[in-house]
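All figures in this text were calculated on a predicted structure; none of them were measured in a lab. First the proteins, then the strands, lettered A, B, ... as listed; each starts at 1.
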Number of protein chains: 2
Amino acid sequence: MAQEAKPKAVRGPRIDAQRNRQRLLETAKATFAEKGEAAGLEEIARLAGVGIGTLYRHFPTRDALVEAVYRNETQRLAEAAAELAATHPPVEALRAWMRIFVDHIATKQLMAGVLGSIVGGTSDLYADAGAQIKTAMAMLVDRAVADGDIRLDLDPLDMLRALAGVANVSAGPNWEASAKRLVDILIAGVRTPGREGR
Amino acid sequence: MAQEAKPKAVRGPRIDAQRNRQRLLETAKATFAEKGEAAGLEEIARLAGVGIGTLYRHFPTRDALVEAVYRNETQRLAEAAAELAATHPPVEALRAWMRIFVDHIATKQLMAGVLGSIVGGTSDLYADAGAQIKTAMAMLVDRAVADGDIRLDLDPLDMLRALAGVANVSAGPNWEASAKRLVDILIAGVRTPGREGR
DNA sequence: TTTAAATACGGAGGCTTCCTCCGTTTATCA
DNA sequence: TGATAAACGGAGGAAGCCTCCGTATTTAAA
């Protein structure tokens, strides 16, 4: 058998490509925060100082860019869940986390329109992000169920979908307050009778 | 003062225009039911056997077509609310109506994506449709509040927005059951303590 | 029945946005 | 330094919403 030639060294990404990718992510995040779903990719490329072909080389579709931009946020939500679980009683942790979820939308850390896809969709693209949120929510819910505080015969994600519904459209100026009020209603609605701690 | 000449008779719409409009509405309804928001206007025009200019003459924007298609549905929901109010105790009427609301989505009588705009938006175009639903929901809620069954410090429409959130994305195959379960959770969440009639 | 006027038609073309392809440029390694 | 591979960017295509205007059709009056 012939001996294989020694392979050439594998290259990492070029530094210009790394720099461009970073600029695209930062610019996209800012533009989505300002314009939401109306932000166009040509505009994002221009603002980042790159060509549209470059944007597509790094992020093959619009959704791929969106997913990359918000990957950090979903991770942060997952981490927040772990912290709350370590520091709060079960149902309080659940409530607090859902309010943080609402905060993330309010501070434009998540674009409302994308939220539905992340928590509600079945698209593979958002599988990672969706899984992080699903795992976080399921963990908090399981804890509260095990504690006897709540009983839930509904996919926990459906509660987040409900919150997304309040956030998702050009709702009125008080949508945030409404969403947080809805958190309380949902918690009250799944409370085990006789366990109204409030 | 000169006497005005007798005005000519005012014409109604031509019969071909009436026929085309009806065909457009029927075709649009069927296409939206089948393809949801992916239905394109060129396709709808073609399927209806008319030109794209004709579609736009009757419905100046895509939203105008959507609103016209679903005007009947929102009216039916409003009528259902009146009937339920006449035949059911307050909180039962509210619960039943919200389930009918979910049914409408399930049977494609309402396109989930439009639902958000109807119940959640501030656009003038959907003001009539939105007002019908808002009035229906508010009437049922007011009745239940007056009866002492529930207390609600949340815009009633936010409960529908929450349902729309469950319906709004390509949710799993059991979204309908989830939505109806969510109806019960919401009702339980706004129940006046000590009034758990269930 | 014919004519004139008004209504209505439809499709070519414009605009926007997402996306693709490929000639050119740039970074990297030997 | 030269060769190669990675990366670039922008022209152009496709899709979909929408507009405009020459042509067709309907309707009422003579």
Should B/His58 be listed as having a side-chain N or O under 4.0 Å from OP1 or OP2 of C/dA8?
-> no

Ranking A/Gly53 and A/Gly40 by the position along DNA chain C of their nearest nucleotide, the one closer to 5' is A/Gly40

Starting at CZ of A/Arg62 and ending at C1' of D/dA15, how long is that distance when rounded to a whole Å?
-> 16 Å

Choose from D/dC8, C/dA8, D/dG9 the nucleotide whose nearest atom is closest to any side-chain atom of B/Ala17.
-> C/dA8

Basic-acidic side-chain contact under 4.0 Å: B/Arg99, B/Glu176 = no

Are A/Gln22 and A/Glu26 linked by a side-chain donor-acceptor pair shorter than 3.5 Å?
-> yes

Please give, in whole Å, the distance from D/dT19 P to B/Leu55 CG?
-> 12 Å

Atom CD of B/Glu37 to atom P of D/dG16: distance rounded to whole Å?
-> 14 Å

Examine the base of D/dA7 for any acceptor or donor lying under 3.5 Å from a partner atom in the side chain of A/Arg14, and report the outcome as yes or no.
-> no

Common cluster, B/Leu55/B/Leu47, ILVMFWY with side-chain heavy-atom separation under 4.5 Å = no

Euclidean distance, A/Thr54 OG1 relative to A/Arg57 CZ, rounded to 0.5 Å = 8.5 Å

Reckon A/Thr54 has a side-chain N or O less than 4.0 Å from the OP1 or OP2 of D/dG9?
-> yes

Electrostatic pair A/Asp16-A/Arg19, nearest N-O below 4.0 angstrom = no

Between A/Arg191 and A/Val91, which heavy-atom pair has the shortest distance, and what is it?
-> NH2-CG1, 3.5 Å

Any pair with a residue in residues 78-98 of chain B that passes salt bridge (Lys or Arg N to Asp or Glu O under 4.0 Å), sequence neighbours left out, goes on the list, sorted by first then second residue, please.
-> B/Arg95-B/Asp184

Heavy-atom contacts under 4.0 Å between residues 18-26 of chain A and DNA chain D, which residues?
-> A/Asn20

Pair B/Asp103 + B/Lys180: basic N to acidic O under 4.0 Å | yes

Out of D/dA7, C/dC19, D/dC18, which has the shortest distance to the side chain of A/Tyr56?
-> C/dC19

If you measure from the Lys or Arg side-chain nitrogens to the Asp or Glu carboxylate oxygens, is any gap between A/Lys134 and A/Asp155 under 4.0 Å?
-> no

A/Ile52 vs A/Pro13, nearer the 5' end of DNA chain D by closest nucleotide | A/Pro13

Rounded interatomic separation in angstrom, taking CZ from A/Arg57 and C1' from C/dG23 = 14 Å

Which of residues 41-48 of chain A sit near DNA chain D, with a heavy atom under 4.0 Å from it?
-> none

Tell me: CZ of B/Phe59 to C1' of C/dA8, nearest whole Å?
-> 14 Å

Would you kindly give the CG-to-P distance between A/Asp16 and C/dT24, to the nearest whole Å?
-> 19 Å

